[in-house]
Amino acid sequence: MKINASTRLAAVLGFPAHHSFSPAIHNAAFAEADINAVYLALDTPSETLSDMVSNLAAIGALGASVTVPHKIHVMDACTSISDSARAIGAVNCLEFSQGNIIGHNTDGLGFVESLRDAKVDIRGKSVVLLGAGGAAKAINNALQSEGAAVSVVARTPSKVDWCAASEWTQDLLEVALSKSHLVVDCTPIGLSEANESQVKIPVPFDVMPGHSVFASLIYHRETAMMALARARQLKVVDGLGMLLHQGALAYTIWTEQPAPIEVMRSALMAAVKSD
Ligand code: NAP
């Protein structure tokens, strides 16, 4: 990659952002497509988010990804928001265009693309989402657009204002899972072994039909839920595909070109391996 006076900046804004795999994915894509841009991870505390976004717009940045904890608050810094991001209530991708800051959300579609990669067909099928946070809401929107029947199980259903969620109890989990074609773990439970040990009611994979699929949004480790689903001989899809495809969709928004997906996938796998 050549950096010169015409090089444009792209970045992921998060706090922290420095652990992100997105620079590896996007810099590989820019190099492959000969796009004169560089993608950095910028640690952005909440109090500097708004200035960071306006400064990126002011310097003519190519685009930005937005990650935890900014996906909701960054909407205040946008001059317009796409219909799907508005419906989801969160933005994970910023497009800078002629002084405008346009907020998009590519998480849900990225998840659906990852199912396509894994040859999981969800049209007309029953899907259960575990957890009801921002990622679950984005995935719910995308799955419904694909014709899936989605239900949600949540630890605190009273907090959920975008669907009628069932409570995370043994009985209600069993009822939901016994009829499901796909179960998606949209919680951060699998982030670490310490988190996993605090779960009071484990997911009853034994009631799931044998042909069903388990997907997780976690991508940096094999989670206890993934291991249990594999032991039950279910097909398992991890969160790497979602990470890859939400990035590929952002790349296309920024460059108006198809993403070099296999180059991005190889760069992601190499980054994960060396982590
Ligand atoms: P979030 O908005 O904080 O939502 C988390 C949800 O999980 C909430 O409904 C929360 O319930 C629930 N939860 C947390 N701990 C739980 C537990 N011990 N038992 C049951 N439910 C629990 O987070 P998010 O943005 O949706 O992200 C969720 C996960 O997806 C994170 O690990 C994130 O890293 C991952 N993610 C991955 C990708 C990807 O590209 N692969 C993209 C986006 C997100 P309460 O409301 O009761 O706390």
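First listed ligand is number 1; within each ligand, the first listed atom is number 1. Owing to the predicted nature of the structure, the values given are computational and were not obtained by experimental measurement. Heavy atoms only: backbone and side chains are in, while hydrogens, waters and symmetry mates are out.
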A.B. asks: Heavy-atom distance to atom 28 (C) of ligand 1: which of Cys186, Pro69, Gly133 wins?
C.D. replies: Cys186
A.B. asks: Is Arg155 reaching over with its side chain to a backbone N or O of Trp168, donor-acceptor style, under 3.5 angstrom?
C.D. replies: no
A.B. asks: Identify the two heavy atoms, one from Tyr251 and one from Pro258, that lie closest to each other, and give their separation to 0.1 Å.
C.D. replies: CE2-O, 3.6 Å
A.B. asks: Can you tell me the protein heavy atom closest to atom 46 (O) of ligand 1 and the distance?
C.D. replies: Lys159 NZ, 2.8 Å
A.B. asks: Can you report which non-hydrogen protein atom sits closest to atom 9 (O) of ligand 1, along with the distance?
C.D. replies: Ala132 N, 2.9 Å
A.B. asks: Checking the N or O distance criterion of under 3.5 Å, is ligand 1 in contact with Leu191?
C.D. replies: no
A.B. asks: Does atom 20 (C) of ligand 1 have a protein heavy-atom neighbour under 4.0 Å away?
C.D. replies: yes
A.B. asks: Which atom names give the shortest non-hydrogen contact between Lys119 and Lys235, and what distance separates them?
C.D. replies: O-NZ, 4.1 Å
A.B. asks: Checking Asn36 against Thr7: is there a side-chain donor and acceptor pair closer than 3.5 Å?
C.D. replies: yes
A.B. asks: Report the part of Met242 in contact with ligand 1, treating N, CA, C, O as backbone and CB onward as side chain, heavy atoms under 4.0 Å; options are side chain, backbone, both, neither.
C.D. replies: both
A.B. asks: Hey, does Ile218 come in under 3.5 Å of ligand 1, counting only N/O atoms on both sides?
C.D. replies: no
A.B. asks: Does any N or O in the side chain of Asn100 come within less than 3.5 Å of the main-chain N or O of Ile102, such that one atom is a donor and the other an acceptor?
C.D. replies: no
A.B. asks: Starting from atom 37 (C) of ligand 1, find the nearest protein heavy-atom neighbour and note its residue, name and distance.
C.D. replies: Leu217 O, 3.4 Å
A.B. asks: Among Gly110, Gly131, Pro188, which residue places a heavy atom closest to atom 5 (C) of ligand 1?
C.D. replies: Pro188
A.B. asks: Minimum heavy-atom separation for Trp162 and Ala132, please, with both atom names.
C.D. replies: NE1-O, 3.3 Å
A.B. asks: If you measure from atom 43 (C) of ligand 1 to every heavy atom of His220, Lys71, Gln246, which option wins on shortest distance?
C.D. replies: Lys71
A.B. asks: Return a yes/no value: protein heavy atom under 4.0 Å from atom 3 (O) of ligand 1?
C.D. replies: no
A.B. asks: Below the 3.5 angstrom mark, is there an N/O of Trp168, backbone or side chain, next to an N/O of ligand 1?
C.D. replies: no
A.B. asks: Could you tell me which non-hydrogen atom of Gly14 sits nearest to which non-hydrogen atom of Thr67, and how far apart they are?
C.D. replies: CA-CG2, 3.7 Å
A.B. asks: Looking only at distances, can you tell me whether any N or O atom of Tyr219, backbone or side chain, sits closer than 3.5 Å to an N or O atom of ligand 1?
C.D. replies: no
A.B. asks: If I apply the N/O under 3.5 Å rule, does Val199 come out as touching ligand 1?
C.D. replies: no
A.B. asks: Provide, to 0.1 Å, the distance between atom 25 (O) of ligand 1 and the closest protein heavy atom, together with that atom's residue and name.
C.D. replies: Ala135 N, 3.9 Å
A.B. asks: With no hydrogens and no angle check, do the side chains of Asn105 and Ser82 hold a donor and an acceptor under 3.5 Å apart?
C.D. replies: no
A.B. asks: Tell me, which protein residue and heavy-atom name are nearest atom 17 (C) of ligand 1, and how many Å apart are they?
C.D. replies: Arg155 NH1, 3.4 Å
